[in-house]
Novice: 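Structure provided below as structure tokens; questions to follow.
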Amino acid sequence: MKQAVAISGLHKTYRNGMEALKGIDLTVSEGDFFALLGPNGAGKSTAIGIISSLVRKTAGSVHLFGHDLDREPGLVKSLLGVVPQEFNFNMFEPVVEIIVNQAGFYGIPRREAYARAAQVLNLLGLWDKRKGMARELSGGMKRRLMIARALIHKPRLLILDEPTAGVDIEIRHATWEFIREINRQGTTIILTTHYLEEAESLCRNIAIIDHGKIIEHAPMSELLQRVNKETFVLYTHGDLDRLRDIPDCDVRRLDDSTLEVDIDRNQNMNGMFARLQRCGIEVLSLRNKSNRLEQLFLDLLAHKPR
Ligand code: ADP
């Protein structure tokens with residue numbers, strides 16, 4: 001498969017001597033939905049800044065779709081859309097103008113730009129707001145405006161830096177549905193997020209960066225295979241005061257009818273159910289508390305040499 005991103009030996013030392021990236025190698029395949037994760041200060045924004053020509057690298061190379069950032073910076077920029085964390089549009093400009101003016105930076109004629117703006121604003125549910133000033137939009141709408149603007153030149157790679165930070169659940173889901181659809185249509189997506197469940201459910205491949213180094217770079221499914229404990233929430237009927245220790249299970253009581261239990265991935269759950277039944281406790285339903293990636297993330301950060 002062709003590579004959307006190929007980064008080799010990427011190094012960045014800031015003027016104050018801070019070594020933000022210490023020789024990073026990273027590849028992202030065309031069409032991928034890729035997660036770049038790491039704790040605060042790990043180097044994610046620096047890496048994204050270099051890919052999008054906002055930060056000057058100290059050493060190494062960056063290729064997008066086979067084009068060298070150093071040799072063809074204009075072309076590389078045209079292949080890329082970035083949605084940064086902060087709202088950085090003019091709050092006093094009408095929504096549609098923000099999009100159309102952005103198109104101007106890519107040499108898209110105004111008539112074509114208005115047609116495209118109509119398309120993306122409709123897709124993102126902002127068409128009704130097109131004439132209002134950006135500052136009149138709600139937080140979720142501002143976030144969608146950022147995405148609309150990043151898509152106006154039809155980039156082949158879209159980088160989203162914490163796109164749903166502080167966005168409520170409904171809008172988060174709608175945003176993800178939209179990004180998923182863009183990905184289905186062929187746009188490669190790189191996502192940084194603090195919501196690890198989000199990365200787990202959306203992304204096919206993942207890299208974890210810590211202290212300026214890539215400490216993991218693998219398919220999501222392979223990483224999740226390595227998590228050997230899973231946590232389940234059990235909704236029960238019966239008197240939980242009668243609960244006794246269950247061998248090989250770490251059971252915690254959350255309230256009068258809810259338990260949380262850690263179970264080894266290869267462990268049969270029948271024994272646990274039988275034990276609970278013997279205590280007069282029936283399990284009405286259960287759900288997986290999908291924090292597997294979080295657990296893995298913490299394990300990796302704790303155990304990897306730096
Ligand atoms: P992340 O996005 O993963 O939180 P950053 O790339 O923002 O990490 O930062 C990596 C490291 O580089 C941090 O220690 C940060 O303080 C430092 N850093 C980031 N930007 C600058 C800058 N402009 N000047 C000096 N140091 C910086």
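First listed ligand is number 1; within each ligand, the first listed atom is number 1. None of these values were measured; they are calculated from a predicted model. Nothing fancy with the numbering, it's 1 onward along the sequence.
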Novice: Heavy-atom count check: over 12 atoms from other residues, nucleotides or ligands less than 6.0 Å from R111 CZ?
Specialist: no
Novice: For I152, does its backbone N or O pair with a side-chain atom of R116 as donor and acceptor, under 3.5 Å?
Specialist: yes
Novice: Assess whether atom CZ of F105 is packed by more than 12 heavy atoms of other residues, nucleotides or ligands within 6.0 Å.
Specialist: no
Novice: Going by the closest heavy atom to atom 5 (P) of ligand 1, which one wins out of T46, I48, I209?
Specialist: T46
Novice: Given the protein's heavy atoms, is any one of them under 4.0 Å from atom 15 (C) of ligand 1?
Specialist: no
Novice: Is NZ or CZ of R144 both nearer than 6.0 Å to the six-membered ring centre of F178 and within 45° of the ring axis?
Specialist: no
Novice: Using distance alone, with no hydrogens and no angle criterion, decide if H11 and E19 have a side-chain donor and acceptor under 3.5 Å apart.
Specialist: yes
Novice: What part of M18 sits under 4.0 Å from ligand 1 if we count only heavy atoms: the side chain, the backbone, both or neither?
Specialist: side chain
Novice: Within a distance under 4.0 Å of any heavy atom of K44, pick out the atoms of ligand 1 and give their elements.
Specialist: 1 (P), 2 (O), 3 (O), 4 (O), 6 (O), 8 (O)
Novice: What protein heavy atom sits nearest atom 26 (N) of ligand 1, and how far away is it?
Specialist: Y14 CD1, 3.4 Å
Novice: In terms of residue, atom name and distance, what is the protein heavy atom nearest to atom 7 (O) of ligand 1?
Specialist: S45 CB, 3.6 Å
Novice: Given that the side chain starts at C-beta and the backbone is N, CA, C, O, which of these parts of N16 lies under 4.0 Å from ligand 1, counting heavy atoms, or is it both or neither?
Specialist: side chain
Novice: Tell me yes or no: between the side chains of T188 and D32, is some donor less than 3.5 Å from an acceptor?
Specialist: no
Novice: Take atom NZ in K77; do more than 12 heavy atoms of anything else shown fall under 6.0 Å from it?
Specialist: no
Novice: I need the single residue from D250, N288, D262 that forms a side-chain hydrogen bond (donor to acceptor under 3.5 Å, both in side chains) with T231. Which is it?
Specialist: D262
Novice: Heavy-atom contacts under 4.0 Å between P39 and ligand 1: side chain, backbone, both, or neither?
Specialist: backbone
Novice: Do you see a donor-acceptor pair shorter than 3.5 Å between the side chains of T258 and D255?
Specialist: yes
Novice: State whether the shortest distance between N or O atoms of G43 and N or O atoms of ligand 1 falls below 3.5 angstrom.
Specialist: yes
Novice: So is there a nitrogen or oxygen of N40 less than 3.5 Å from a nitrogen or oxygen in ligand 1?
Specialist: no
Novice: May I ask whether atom 24 (N) of ligand 1 is less than 4.0 Å from at least one protein heavy atom?
Specialist: yes
Novice: As an exercise, identify every atom of ligand 1 less than 4.0 angstrom from a heavy atom of A20.
Specialist: 10 (C), 11 (C), 12 (O)
Novice: Identify, for atom 13 (C) of ligand 1, the protein heavy atom at the shortest distance, and state residue, atom and that distance.
Specialist: G41 O, 3.7 Å
